[in-house]
Chemist: 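My questions will all concern the structure given below.
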Amino acid sequence: MAEADELTVGETATKSGFLGLSDVSISEDIPVEGEITVPMASHSQDEDYSTLDEPVRETIIRDLKAVGKKFVHVMYPKKSNALLRDWDLWGPLVLCVSLALMLQGGSADSKEDGGPQFAEVFVIIWFGAVVITLNSKLLGGTISFFQSLCVLGYCVLPLTVAMLVCRLVLLASMGPINFLIRLIVVIAMFAWSTLASTAFLADSQPPNRKALAVYPIFLFYFVISWMILTFTPH
Amino acid sequence: MAAPQELTFHEFEVATDQLAETPGAAAISSLEELQGHVSLAVDKEDQEDGELVENDQTQLLGGEKQSPKFWTFSYHQSFFDVDTYQVLERIKSSLLPAPRQNFVKHCLRHHPDLYGPFWICATLAFTLAVSSNLSTLLQSWSQSSFSYSPQFHKVTVAGITIYCYAWLVPAALWGFLQWRKGVRERVGCYTFLETVCVYGYSLFIYIPTVVLWLIPISGLQWFFGVLAVSLSGAVLLLTFWPLVRSDTKVVSAVLLTVMVALHALLAIGCKIYFFQSLPSRSVPVTQAPLHQATAPGSSRTSAAS
């Protein structure tokens, strides 16, 4: 190694300084060889047959299974990557539409005084989720846009369950006990939603901004809980 | 001739420092010092190296951050570059006016953020709607003709009002101050975002005020309202006083009065619209037919209430 350097030192005296330096750092004796392989995404057996040819029933069942698996992950929030890695927006869409449909049919004295209309619920959920995602990305979060939308949408599941329970409870007679049951259920589901989404999303934030990213999520689920709690049927 | 030689020579030394892994490198630099002028004088290909060196230098210099363009994500990211404790500190100093600490100079320090204004406005809008609904509920709880209605349209109204106030008033104020700066040179001006930031944080005090307005005692409600307006108005005044101090007395007095008046108007307007005291129970005769009226009479009910 040293002899090679002395040889190159001699050469540098004749060549210009900067080019000679490159000779010093790379010795010409050692050839550079090897294989250049481009790391590709793991090709599963899907490569062999495309999913275009399979029967529609299989596609639907596969997607339903994926959605169902994510529902389970939301109800038992552990730190798993399934929700984040394979995001999809079917679940949030189904949840949002069912919640908006269930929130219909509230009564009021006049039309403006009523509860939220279908479009209002839809806009609040989707626009709210987009704004929260943008907020967490602007704060320096490392999660991607659609992953965050996916998590926020799926974590509406406990609140949809709460809405279902409220509608069933409201079939009985109105009264303070009725209201108390609904209040407890909604509060419990609100806490569950917030904790579930925080468990998934908080880790992707820089550590000294976690509270800044979690607060809008809290506000979002609070507004949805408020809409559920104040629902009054005919 | 001397300048490019010196450039290439220094570059070589810096490069050797960076690449110094072998002891041979140090030997080379000392060798070059001895033979520096010889080797450099020989080559007229210096020009290529000179260009290379200049390119490297310009690259090094250009590596310093140019301010990002408006449509890039990192431009907007610079407005959310705050930590939790900074936001809390800004909220605290918007609540307590301190005569010697200018909010903009002390807290913002040329680093305004949009997180605070945006989420404070959102929280305030939803809090207004929820409180307003709850206060209607509390007032009409004991009345026999009570039927609960969620009144969801109030969210829309509250949101539009708060966001218009928090963005249009600072825009007007900033425009006015810019104009005055053109007319009289000693009048200062904050940037548009600093103005928006000040106004956004000054709205924070209305959040607990709105919650406290649930208490149905009218005197207490007005007391809380006056307290909130005076605290945040004082913060606004203290922030903008150094700017207009050097302006004519008339203009500065009018400007500050208008600022505080708009702030108070927001509070009073919210109080009157969202926390209406319902018609009392002492006139049940006129109430009953109104509530029994069906859709054709609904316009009458809304007009009467």
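As the structure is a computational prediction, the values presented were derived from the model and not from experiment. Letters A, B, ... are given to chains in the order of the sequence lines, protein chains preceding strands, and every chain is numbered from 1.
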Chemist: Quick check on the structure: residues of residues 129-139 of chain A within a heavy-atom distance below 4.5 Å of chain B, by number.
Modeler: A/Val131, A/Ile132, A/Asn135, A/Lys137, A/Leu138, A/Leu139
Chemist: Looking at A/Arg209 and B/Asp81, is any side-chain nitrogen of the basic one under 4.0 Å from a carboxylate oxygen of the acidic one?
Modeler: yes
Chemist: Measure distances from B/Phe118 to the heavy atoms of chain A and classify the residue's part below 4.5 Å as side chain, backbone, both or neither.
Modeler: side chain
Chemist: Taking atom CD1 of A/Ile177 as the centre, report whether more than 12 heavy atoms of other residues, nucleotides or ligands fall under 6.0 Å from it.
Modeler: no
Chemist: Ignoring hydrogens and geometry, is there a side-chain-to-backbone donor-acceptor pair from A/Thr230 to B/Pro150 under 3.5 Å?
Modeler: no
Chemist: Any heavy-atom pair between the side chains of A/Tyr215 and B/Thr84 that's under 4.5 Å?
Modeler: no
Chemist: Any side-chain heavy atom of A/Phe220 sitting closer than 4.5 Å to one from B/Phe126?
Modeler: no
Chemist: Contact part of B/Val82 toward chain A, heavy-atom cut-off under 4.5 Å: side chain, backbone, both or neither?
Modeler: both
Chemist: Is there side-chain contact between B/Trp119 and A/Pro216, with heavy atoms separated by less than 4.5 Å?
Modeler: yes
Chemist: Heavy-atom distances under 4.5 Å only: say whether B/Val87 touches chain A with side chain, backbone, both or neither.
Modeler: side chain
Chemist: Considering only heavy atoms, which portion of B/Thr123 lies under 4.5 Å from any heavy atom of chain A: side chain, backbone, both, or neither?
Modeler: both
Chemist: Looking at side-chain heavy atoms only, is the closest gap between A/Trp226 and B/Asn133 below 4.5 Å?
Modeler: yes
Chemist: Count the heavy atoms belonging to other residues, nucleotides or ligands that lie under 6.0 Å from CZ of B/Phe73, then report whether that count exceeds 12.
Modeler: yes
Chemist: Around atom CH2 of A/Trp90, are there more than 12 heavy atoms from other residues, nucleotides or ligands closer than 6.0 Å?
Modeler: no
Chemist: Side chain from CB out, backbone as N, CA, C, O: work out which of these in A/Leu212 comes under 4.5 Å of a heavy atom of chain B, or both, or neither.
Modeler: both
